[in-house]
Amino acid sequence: MIDAYTIGITLALDDGVSAGVAAIARDLAALDRAIDAGTLRLTKLRQVADGAVSVMRPPPPTGVVRNRVAPVSVEPVAAAAPAIRATSRNAPAQPALPAPPVAYSAGPAAMPSQRNPGPPPAAPMPKPVPPAVPPVVVTTHIAPPAPVAPIVVVPPAADAGAPPPAVPVVQPAVPPVAAPSPVSAASVAPIVHVVQPAAPPPAAPSPVPTVPVAPAHLPDPMPRPAVPIAPRSAAPLEPHAFDLSAFARRMVPLVARPATQPLEVRSSSASPPQLRLVPDHGVPVSPTHLPDARTPRALPRSAEEDSGRAAAPRSPEQRWLHLPAATSAISLPAAPSAGVAQMSHGPGGGDVFLDGVHVGHWLSRHLDRAANRPPAGTTGFDPRLSPSWAGATVSN
Amino acid sequence: MKGSAADLARRLAQLDVPSTAHSMLVREANALVDSVRSALSQSPGGPHAAPWLRTGELHDSIATATEGDTVVVGSTSPVAAWQENGTTHMRPRPFLALVARDAAEAIADEVGTAVAELFR
C-alpha cells in the first residue's frame with residue numbers, strides 16, 4: 001500500500017521507551033526478590049537475636065518485690081515459730097539493722113502490701129532496681145536496702161538461754177562482703193564504720209641528709225654503697241661556653257677529697273663532648289659539676305702542641321688548670337696521696353677511639369710531605385697524592 | 001520498600017507504551033494530512049508556492065498508510081510528484097515536505113507527551 005504512493009512523508013516511531021520500561025520492570029522484580037531474601041534473613045537474625053537477648057536480659061525492674069523463694073506469711077510474735085530467716089540476694093552488704101519485734105516465717109506467696117494487712121510496713125518499699133542488677137530476691141519487707149548476711153531473728157519471747165533450732169542457712173547468690181555468719185537479733189546493733197583515710201606513718205627524721213642516687217639515665221653498673229653524700233645543688237645547667245680552665249679549677253677540690261672516685265672525662269672532635277662517669281665505688285657523681293654536653297668545644301690542637309705540652313713538667317694543679325682541650329682524658333685520683341701518678345691516659349677497658357681530628361691532621365701532613373717531595377723524574381699525576389680508600393692498592 | 005518495588009514493577013508491566021505511541025502517531029499523521037490538504041486549497045490565480053486547487057484530484061489523493069511503527073502520509077496521484085519535485089518545464093511547488101517539516105516537532109512532542117502521561 002505504501003508503494004502505491006508516488007510521493008509521501010514517512011513518520012516512523014522509534015520506541016525505545018518500551019524496552020526501557022521492560023528493563024526497569026525486570027530490575028524492580030529483581031529488587032523485590034532481593035528484598036524478600038533480605039527480609040527473610042533479617043527475620044531469622046532477629047529471631048536469633050531475640051533468643052540471645054532473652055537469655056541475657058535480666059528480669060524487668062520492678063518496684064514490687066518479686067518473690068522467688070519461699071512465700072512469707074506473717075505470724076504473731078508469740079507464735080511457736082522460733083526463728084525467722086530473712087535472706088536477701090541482692091541487697092548490698094551493710095551493717096546489720098535492729099530487727100523489728102515481729103517474726104516472719106515462710107508461708108504462701110503474697111505481695112508486701114498484702115502480707116501485712118494490719119500493721120504498716122516497717123521498712124520502705126524497695127526502690128526499682130536497674131536492669132543490669134542481678135535478679136532481686138527479697139523475702140520480707142524488712143529486707144534492708146543493702147545486702148547483709150543471712151540474719152536469724154530471734155523472737156524476744158524465746159528463751160535466751162536455749163539455743164535456737166538449727167535452720168539451714170540460705171546462702172545469698174551474691175557473695176556478701178561480710179562474713180556470712182548468722183547474726184542473732186539480740187546481738188544485732190547498729191554498727192557505724194568510720195572510715196578514715198589511712199595516714200601515712202610518720203617519716204622518721206633522717207639523721208644525715210641524703211641525696212638521691214644517680215639519675216636513672218646514667219649507667220650504674222656497680223652496686224651503690226650506702227654512703228650518705230652531702231646534698232648538692234641541683235640547679236639546672238644553663239647553656240654556656242665551656243671554659244675548660246674554670247672547669248679544671250672546680251675539679252681541683254674534688255682531687256683533694258679522699259673519698260672521691262676517679263672521674264674520667266673524654267671528648268672527641270667528631271662528636272660533641274661526651275662525659276663519661278666511671279665510678280669506682282659506685283658513688284654517683286653529680287652531673288651538675290660537669291660541663292654541659294651542648295656547649296661548644298674548643299678547636300682541636302695539633303699533635304705537636306699536645307705532645308709539647310705533655311712534655312713540659314707541671315705540678316698536679318697546673319695539670320688540671322691547663323688541660324688539653326681535645327683528646328683529653330681526665331682522671332681524678334681516689335686520694336691525694338695517689339696524686340697524678342694514677343692518671344690514666346687514652347682509652348681503656350678495650351675501647352678503641354679513632355679521633356677524626358688526628359686522622360685528618362695525619363692525612364694532611366702525609367699529603368703535605370708527599371707534595372713537597374722532589375719530583376721522581378716522571379711527569380703526570382702522582383698517585384701518592386690521592387688519599388687512599390678501603391681496598392685501594394697502596395704503592396709508595 | 002518491598003511493596004513499593006513490587007507495585008511499581010507491576011504498574012510498569014501494565015503500561016502499553018507501543019500501542020499508545022502508535023495510536024498517537026496515527027492521529028498525528030491524520031492531522032498532517034489535514035494540514036497538507038489545507039495547503040492544497042489555494043484557488044488558481046496570482047503567485048503561488050503550492051499547487052492550485054483546480055480539480056481536487058491531488059487534494060483528495062492525500063492519505064495515510066500504516067505499517068508497523070511507520071505511518072506514511074502521501075499521495076497516489078502522479079501529479080503529486082511533479083508538483084513536489086518539479087519538472088524541466090515547471091518549477092517545484094512542494095506541498096508535502098514543507099508542511100511535514102513545520103509539523104514534525106509538534107508531532108514528536110505530542111507523541112512523547114502521550115507516552116509520558118502513562119507514567120503519571
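So that the names make sense, note that chain A is the first sequence line, chain B the second, and so on, each numbered from 1.
Rounded to the nearest 0.5 Å, atoms CD1 (A/I7) and OG (B/S61) are 10.5 Å apart. The CG atom of A/D32 sits 10.5 Å away from the CG atom of B/L8 when rounded to the nearest 0.5 Å. Note that the CG atom of A/L13 and the CD atom of B/E28 stand 11.5 Å from one another [nearest 0.5 Å].
Checking B/D69, B/T64, B/I107 one by one against A/L11, the side chain to side chain contact (heavy atoms under 4.5 Å, CB included) holds for a single residue, B/I107.
At a 4.5 Å heavy-atom cutoff, B/V79 makes no contact with chain A through either its backbone or its side chain. The contact between B/A63 and chain A is made by backbone and side chain atoms together, counting heavy-atom distances below 4.5 Å. The parts of B/V71 that come within reach of chain A are both its backbone and its side chain, each placing non-hydrogen atoms under 4.5 angstrom from that chain.
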Can you give each donor-acceptor pair under 3.5 Å made by side-chain atoms of residues 13-21 of chain B, sequence neighbours left out, with the distance rounded to 0.1 Å?
from  : atom 1 : to    : atom 2 : distance (Å)
B/D16 : OD1    : B/S19 : OG     : 3.0
B/D16 : OD2    : B/S19 : OG     : 2.4
B/S19 : OG     : B/D16 : O      : 3.2
B/T20 : OG1    : B/D16 : O      : 2.7

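Note on B/P78, B/G68, B/S75, B/A9: by heavy-atom pairs under 4.5 Å with chain A, the leading option is B/S75.
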Margin query: Before you tell me yes or no, could you show the steps for A/T6 and B/T76 under side-chain contact (heavy atoms from CB on, under 4.5 Å), namely the whole-Å CA-CA distance, both residues' side-chain angles and the distance that decides it to 0.1 Å?
Written below: CA-CA 5 Å; A/T6 57; B/T76 56; 5.7 Å; no

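Heavy atoms of other residues, nucleotides or ligands lying less than 6.0 angstrom from CH2 of B/W52 number more than 12. Other residues, nucleotides and ligands place more than 12 heavy atoms under 6.0 Å from the CZ atom of B/R93. In the displayed structure, B/R10 atom CZ is contacted under 6.0 Å by more than 12 heavy atoms of other residues, nucleotides or ligands.
Between A/L31 and B/A5, the shortest heavy-atom distance links the atoms CD2-CB, 4.2 Å. Contact detail for B/L12 and A/V21: the closest heavy-atom pair is O-CG1, 3.5 Å.
In this structure, A/Y5 and B/I62 have side chains that are not in contact, with every pair of non-hydrogen atoms separated by 4.5 Å or more.
Taking the salt bridge (charged side-chain N to carboxylate O under 4.0 Å, His left out) definition, one finds that B/E105 meets it with nothing, sequence neighbours left out.
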